[in-house]
Amino acid sequence: MNLLLDEWITVRRRSGLTERIAPVRLTTRGDDPAVEIEAPRADFRGALYQFLIGVLQTALPPRDLRAWRERWETPPSEQELQEAFAPFAQAFELDSAGPAFMQDFELLTNAESEPLFNLLIDRGSDSNRYFSKQEEAGMCISCTATALFTLQINASGGGRGYQTSVRGGGPLTTLLVPNEDCTGLWHKIWMNVRPDSRIFPHCNGEERSDIKRIFPWLNPTLIGGKQGSPTTPAMASTLQCYWCMPRRIRLDFQTVKYGNCDVCGRPSEKLVANYYYIPRGTDYKGAWLHPLTPYKSSKGAEEPKPEDTPDGGVGYKYWLGLVAGGDGRKTNAATMVSSYFSNPRDFFSSACIVRLWCFGYHMPKQQAKARCWYDSLLPIHDVEPEQQVRFIEAIERSLDVAEEAASALDKYVKQAWFKRPKYRGNEPAVPQSFWQRSETEFYRMLKRLADADLEREDLLIPLYRDWLLAVGRTAEELFDEWVLAAPIEDMNMARVVGARADLLRQLKTKGAAKRLWSAVNAFKEAKA
Ligand SMILES: [Zn+2]
């Protein structure tokens with residue numbers, strides 16, 4: 001089974017037909033092109049996108065943006081893909097007795113054997129009780145390959161000898177997604193491929209000179225952990241970030257049997273049921289930079305850290321950092337995203353709506369199991385490069401107001417609930433409810449901002465005013481809902497009334513809201 005040349009990825013075509021294809025046939029049948037990846041699990045879908053992006057970035061990178069646009073207009077033929085993939089195909093054998101895709105260089109047959117289902121990241125976690133209770137036959141070859149890849153690129157720490165992925169455990173992935181109306185699967189993948197120089201700050205033209213530096217499984221594993229050796233960017237190709245291998249695994253193809261795959265349900269003659277595992281795989285250290293993940297810089301840290309998938313998932317609270325990057329909140333958008341947002345006109349001549357798909361597993365620190373999978377789509381608006389500073393400034397002002405309102409709501413709900421709110425633990429559901437309830441309103445404002453002439457403060461004032469009113473209204477409504485939800489006999493009315501009044505006052509007369517209200521009122525007075 002070769003993961004570039006054989007059929008294993010299920011796609012849906014424009015006509016609705018689904019079929020398994022080989023990556024080398026990604027662009028065939030132009031009359032009924034593939035438009036989407038069909039996967040039995042959300043994490044598999046995210047991983048398969050990254051697999052195809054990694055393959056194209058590795059094997060067929062565009063020389064420059066002009067070449068990128070040509071491929072956008074005219075996807076490569078099967079023949080072209082065939083030729084581009086040929087030098088790398090040996091690294092994509094899944095069931096070879098020699099080097100095998102994402103598996104240890106050694107055969108590990110003396111190692112411990114584990115049930116294949118342990119490859120699933122949410123196995124045993126609260127969000128997935130499904131597989132814990134039934135008899136397990138195994139997985140078809142397609143699900144096996146996807147599960148292995150998904151684990152290696154998301155691997156968490158937790159437990160001795162467990163190395164994390166090159167982006168840490170439970171990284172957040174952000175992909176650009178063009179509107180489906182005018183595009184096929186090719187465009188969704190190509191949207192996240194670039195000339196090397198646009199996404200790898202340290203590329204030197206030697207990225208593909210030795211494929212052993214790209215795919216770690218073509219060499220004996222450099223053992224990590226205590227008394228082991230780390231793998232730094234200088235020791236490998238920049239492209240290894242797409243192909244990291246923190247876990248030493250070898251799939252067991254000796255004990256395969258016939259049956260239905262427990263994940264996708266398809267009948268298969270080769271259900272894989274076990275794998276061999278030993279601890280201490282590749283230990284990624286140093287300034288690795290993955291182009292599909294945002295990074296944060298913090299004081300005192302030598303290199304930027306990859307963003308983890310946050311508890312509760314990604315909402316508009318993160319919009320500025322993830323899309324425009326480099327904001328005061330210290331999040332830098334993924335290099336793939338910033339290379340697009342900084343000048344969208346470099347990419348298309350016609351208007352194309354692009355959104356940001358953010359996904360990943362939230363993994364509590366030092367735990368091997370994921371708590372929850374999150375998936376969300378954020379809007380992106382085209383803003384002329386010369387307008388971007390003002391655009392970002394306007395969003396910062398608006399987000400500051402929201403940030404303070406969310407924490408004020410949290411504070412005063414607790415003050416209404418408890419005699420000694422300070423000694424009570426966190427209740428993340430309260431601020432979370434604010435972010436969720438105000439989301440639609442925020443995106444409406446974002447659209448108006450993107451369409452506005454940002455040079456003219458007078459046009460922004462009504463926008464700010466509407467936003468301030470919406471934030472105030474939302475916080476007030478939610479306060480009432482949360483406090484009225486408490487059992488009536490526990491309620492101290494004087495405390496509730498006091499907390500409510502304090503909240504309303506804070507929303508008008510403190511911090512970011514006060515500053516923005518002053519701007520709005522000053523404008524009104526000047527006009528009068
Ligand atoms: Zn399957």
Side-chain angles (χ1 to χ4, degrees), residues 23 26-27 30 33 35 49-77 79-81 83-85 87-88 173-209 214 237-239 241-242 289-295 322-326 332-358 378-389 391-392 450:
L26 180 61
T27 55
V35 291
Y49 263 89
Q50 292 180 78
F51 176 86
L52 291 173
I53 291 165
V55 165
L56 290 174
Q57 187 70 48
T58 303
L60 195 69
R63 218 176 31 257
D64 49 28
L65 279 183
R66 191 195 154 116
W68 186 94
R69 286 191 297 269
E70 281 167 15
R71 290 257 188 243
W72 174 270
E73 298 293 336
T74 316
S77 64
Q79 173 82 27
E80 278 176 284
L81 289 180
E83 282 163 19
F85 292 175
F88 306 96
T173 301
T174 60
L175 301 186
L176 296 160
V177 191
N179 198 358
E180 198 167 286
D181 299 351
C182 54
T183 60
L185 181 57
W186 164 260
H187 300 92
K188 292 178 181 171
I189 305 295
W190 195 242
M191 191 69 230
N192 297 284
V193 176
R194 289 288 179 281
D196 285 345
S197 58
R198 295 260 167 171
I199 49 168
F200 300 121
H202 307 297
C203 69
N204 55 15
E206 298 290 314
E207 283 69 30
R208 293 162 193 81
S209 58
I214 305 176
S237 162
T238 304
L239 292 163
C241 63
Y242 289 102
L289 190 83
H290 195 297
L292 305 177
T293 284
Y295 281 73
L322 297 185
V323 173
N332 289 301
T335 55
M336 189 66 67
V337 178
S338 55
S339 89
Y340 172 74
F341 184 76
S342 59
N343 205 347
R345 300 289 148 84
D346 284 350
F347 291 79
F348 324 103
S349 43
S350 61
C352 183
I353 298 168
V354 175
R355 286 180 294 174
L356 193 67
W357 176 23
C358 312
L378 308 187
I380 301 179
H381 298 287
D382 288 6
V383 179
E384 298 288 342
E386 53 281 4
Q387 294 264 24
Q388 285 194 1
V389 173
F391 182 66
I392 289 169

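It should be emphasised that the depicted structure is a prediction, and the values quoted were computed from it without experimental measurement.
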Measure the shortest side-chain to side-chain distance between [X] and [Y] over non-hydrogen atoms and say whether it is less than 4.5 angstrom.
| X | Y | value |
| --- | --- | --- |
| Cys358 | Leu378 | yes |
| Leu56 | Leu81 | yes |
| Trp357 | Lys188 | no |
| His290 | Tyr295 | yes |

Are the charged groups of Glu73 and Arg69 less than 4.0 angstrom apart, N to O?
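Salt bridge between Glu73 and Arg69, a charged N being under 4.0 Å from a carboxylate O: no.
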Is there a side-chain contact (heavy atoms from CB on, under 4.5 Å) between Val177 and Met191? Walk through the geometry before answering.
CA-CA 7 Å; Val177 191; Met191 191 69 230; over 6 Å; no
Exercise: identify the closest heavy-atom pair between [X] and [Y]:
| X | Y | result |
| --- | --- | --- |
| Pro291 | Tyr242 | CG-OH, 3.4 Å |
| Trp72 | Pro75 | O-CD, 4.4 Å |
| Asp196 | Arg208 | OD2-NH1, 2.8 Å |

Hey, is the main chain of [Y] close enough, under 3.5 Å, to the side chain of [X] for a donor-acceptor pair?
| X | Y | result |
| --- | --- | --- |
| Thr27 | Pro76 | yes |
| Trp186 | Arg71 | yes |
| Gln388 | Ala324 | no |

Does Arg194, at its CZ atom, have more than 12 non-hydrogen atoms belonging to other residues, nucleotides or ligands within less than 6.0 Å?
yes
Considering the options Thr335, Thr174, Val337, which one meets the side chain to side chain contact (heavy atoms under 4.5 Å, CB included) requirement together with Pro294?
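Among Thr335, Thr174, Val337, the one meeting side chain to side chain contact (heavy atoms under 4.5 Å, CB included) with Pro294 is Thr174.
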Between atom CG of Leu292 and atom CE of Met336, what is the distance when rounded to the nearest 0.5 Å?
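Rounded to the nearest 0.5 Å, the CG-CE separation comes out at 5.0 Å.
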